[in-house]
Amino acid sequence: MAEHEGLSLGFDPAIPNEARMYDYFMGGKDNFAADREAARLALEVAPELPIICREGRRLLARMVRHLAAAGIRQFIDIGCGLPTQGNVHEVAQAAAPGSRVAYVDNDPVVALHAQALLENDEHTVVVQADMRQPERVLGHQRLGNLIDLDEPVAILIFFTLIMIPTDEEAARIVRGFRDAAAPGSYLAIAHSVSDVKPETTAKLAALYQDGGVVPGVPRRDQIRAKADVERLFDGMSLLDPGVVYLPAWRPDEGERVIDPESVWSVGGVARKER
Ligand SMILES: C[S@@+](CC[C@H](N)C(=O)[O-])C[C@H]1O[C@@H](n2cnc3c(N)ncnc32)[C@H](O)[C@@H]1O
């Protein structure tokens, strides 16, 4: 497999890939014909996917600004996706100059693009790693050069745990990051849920899995429910208003808020007290 500056370059553009499909939903240009075709199939099932992606990015920005205001200066964006508008380092550094951001994704195209974009930014780093091994992510040398795990950190996992089929494994992953973080750290999660439109989300679950159009994603017949996402924060103190549909999490003053449940995805932030 080809390598570039420690990043694996092995990918096949003929095989649909969720990071590039997500880029397509966001109106990006870093996608191939196979990604667009798979994305179109997903859009037939759920035409609201681009709105959900946009609301997810808006939520990410609100949460990062909140965390910066709470004094956080280090962020780890896990399953960061292809660079888009309102990347974490842009939001964090606008709110608190000098904030440091580590981007983590297991996708080689994501890692390569992000690295190219951030080459000259001494406050960011890109790590190609699999979140299913939290200790390897956090033990990565490049991450360690930038992020001090003895200091509070914000761990952001946006629309990525959805790819982990069992609740046990999702909880294990979250625990791995939480346990390694210093007291005073925060965890932010965004996750689509099955409560509002169970038929739609079951069809999407079938698309995004082995035997569906996106290979490499293990089988799950339905995505998590809101209560399952709430349990991922066990052992931490959830900030108000808890785990809520994306637009309902602390909307900015004057922000136009759409019907929260229309995006059938939730988000929350919790603090590690001890
Ligand atoms: C739907 S995108 C979300 C992108 C971004 N977090 C956002 O909310 O805009 C999910 C991302 O998670 C990455 N991903 C999926 N499984 C992963 C894993 N096991 N480890 C690290 N990244 C993963 C994918 O490559 C993709 O870029």
Side-chain angles (χ1 to χ4, degrees), residues 18 46 52-53 55-56 59-60 62-64 66-67 70 72 75-81 104 106 130-138 149 152-206 208-209 217-250 260-274:
E18 56 134 345
I52 296 177
C53 295
E55 286 295 322
L59 175 72
L60 181 63
R62 292 199 300 280
M63 287 182 172
V64 167
H66 174 84
L67 293 165
I72 293 292
F75 298 81
I76 307 180
D77 184 2
I78 295 173
C80 57
V104 178
N106 66 347
D130 192 322
M131 72 172 172
R132 285 171 291 189
Q133 297 174 305
E135 65 297 339
R136 286 189 71 166
V137 172
L138 297 175
L149 290 173
V153 63
I155 294 168
L156 316 167
I157 316 182
F158 265 59
F159 293 104
T160 302
L161 285 165
I162 199 165
M163 294 298 164
I164 303 298
T166 69
D167 292 338
E168 292 71 29
E169 184 166 23
R172 178 190 65 76
I173 291 168
V174 167
R175 245 191 342 266
F177 288 109
R178 184 195 68 199
D179 290 354
S185 293
Y186 291 86
L187 169 71
I189 293 176
H191 200 301
S192 295
V193 292
S194 59
D195 309 52
V196 181
K197 280 192 153 185
E199 281 174 24
T200 300
T201 49
K203 281 187 194 157
L204 282 178
Y208 279 80
Q209 66 188 9
V217 179
R219 188 174 180 83
R220 186 175 164 103
D221 293 331
Q222 182 53 285
I223 63 172
R224 268 175 206 102
K226 184 167 177 283
D228 302 324
V229 177
E230 279 161 358
R231 271 193 291 279
L232 292 173
F233 290 101
D234 280 357
M236 302 180 80
S237 308
L238 261 176
L239 307 193
D240 284 339
V243 174
V244 293
Y245 289 92
L246 310 181
W249 198 93
R250 303 189 187 204
E261 289 196 7
S262 67
V263 300
W264 38 267
S265 302
V266 296
V269 178
R271 186 170 194 272
K272 174 176 174 172
E273 303 294 353
R274 290 177 277 120

query: Do you know which two heavy atoms are closest between Trp264 and Ala46, and how far apart they sit?
result: CZ2-CB, 3.9 Å

statement: Between Asp167 and Arg224 the two heavy atoms that sit nearest each other are OD1-NE, 2.7 Å

query: Just how far is it from atom CG of Leu149 to atom OG of Ser185, taken to the nearest 0.5 Å?
result: 8.0 Å

- prompt: What are the two closest heavy atoms between Pro152 and Ile72, and how far apart are they?
  reply: CB-CD1, 3.8 Å

field: Rounded distance [0.5 Å steps], NE2 in His66 versus CG in Leu59
entry: 12.0 Å

- prompt: Crowded around Arg136 CZ? As in, over 12 foreign heavy atoms under 6.0 Å?
  reply: no

- line: For Val193 and Ala225, the nearest pair of non-hydrogen atoms, with its separation, is CG1-C, 3.8 Å

query: In a check of side chain to side chain contact (heavy atoms under 4.5 Å, CB included) between Leu156 and each of Leu67, Ile78, Ile76, Ile189, which one passes?
result: Leu67

- prompt: Between atom OG1 of Thr201 and atom CD1 of Ile223, what is the distance when rounded to the nearest 0.5 Å?
  reply: 4.5 Å

- prompt: Which atom names give the shortest non-hydrogen contact between Pro134 and Ile173, and what distance separates them?
  reply: CG-O, 3.7 Å

task: Can you measure from CE (Met163) to CZ (Arg132) and round to the nearest 0.5 angstrom?
output: 11.0 Å

message: Looking at every non-hydrogen atom in both residues, tell me the closest pair between Arg62 and Trp249 and how far apart they are.
response: NE-O, 2.9 Å

- prompt: With no hydrogens and no angle check, is any side-chain donor or acceptor of Gln222 less than 3.5 Å from a backbone partner on Ala205?
  reply: no

task: Please round to the nearest 0.5 Å and tell me the distance separating atom CD of Glu135 and atom CD of Gln133.
output: 6.0 Å

message: Checking Leu161 against Val174 for the side chain to side chain contact (heavy atoms under 4.5 Å, CB included) test, could you report, in this order, the C-alpha distance in whole Å, the side-chain angles of both residues, the deciding distance, and whether it holds?
response: CA-CA 9 Å; Leu161 285 165; Val174 167; 3.9 Å; yes

message: Do Met63 and Phe158 make a side-chain contact, defined as non-hydrogen atoms from C-beta onward lying under 4.5 Å apart?
response: yes

- prompt: If only atom types and distance count, is the side chain of Thr160 paired as donor or acceptor with the main-chain N or O of Ile157 below 3.5 Å?
  reply: no

task: Please determine which of Lys272, Arg271, Arg178 meets the side-chain hydrogen bond (donor to acceptor under 3.5 Å, both in side chains) test together with Tyr186.
output: Arg271

query: Do Ser265 and Glu55 have a side chain donor and acceptor closer than 3.5 Å?
result: no

Euclidean distance, Leu204 CG relative to Glu199 CD, rounded to 0.5 Å: 12.0 Å

Just list the side-chain donor-acceptor pairs under 3.5 Å for residues 229-247, sequence neighbours left out, or say none.
| residue | atom | partner | partner atom | Å |
| --- | --- | --- | --- | --- |
| Glu230 | OE2 | Lys226 | NZ | 3.1 |
| Arg231 | NH2 | Asp228 | OD1 | 2.5 |
| Ser237 | OG | Glu273 | OE2 | 2.9 |

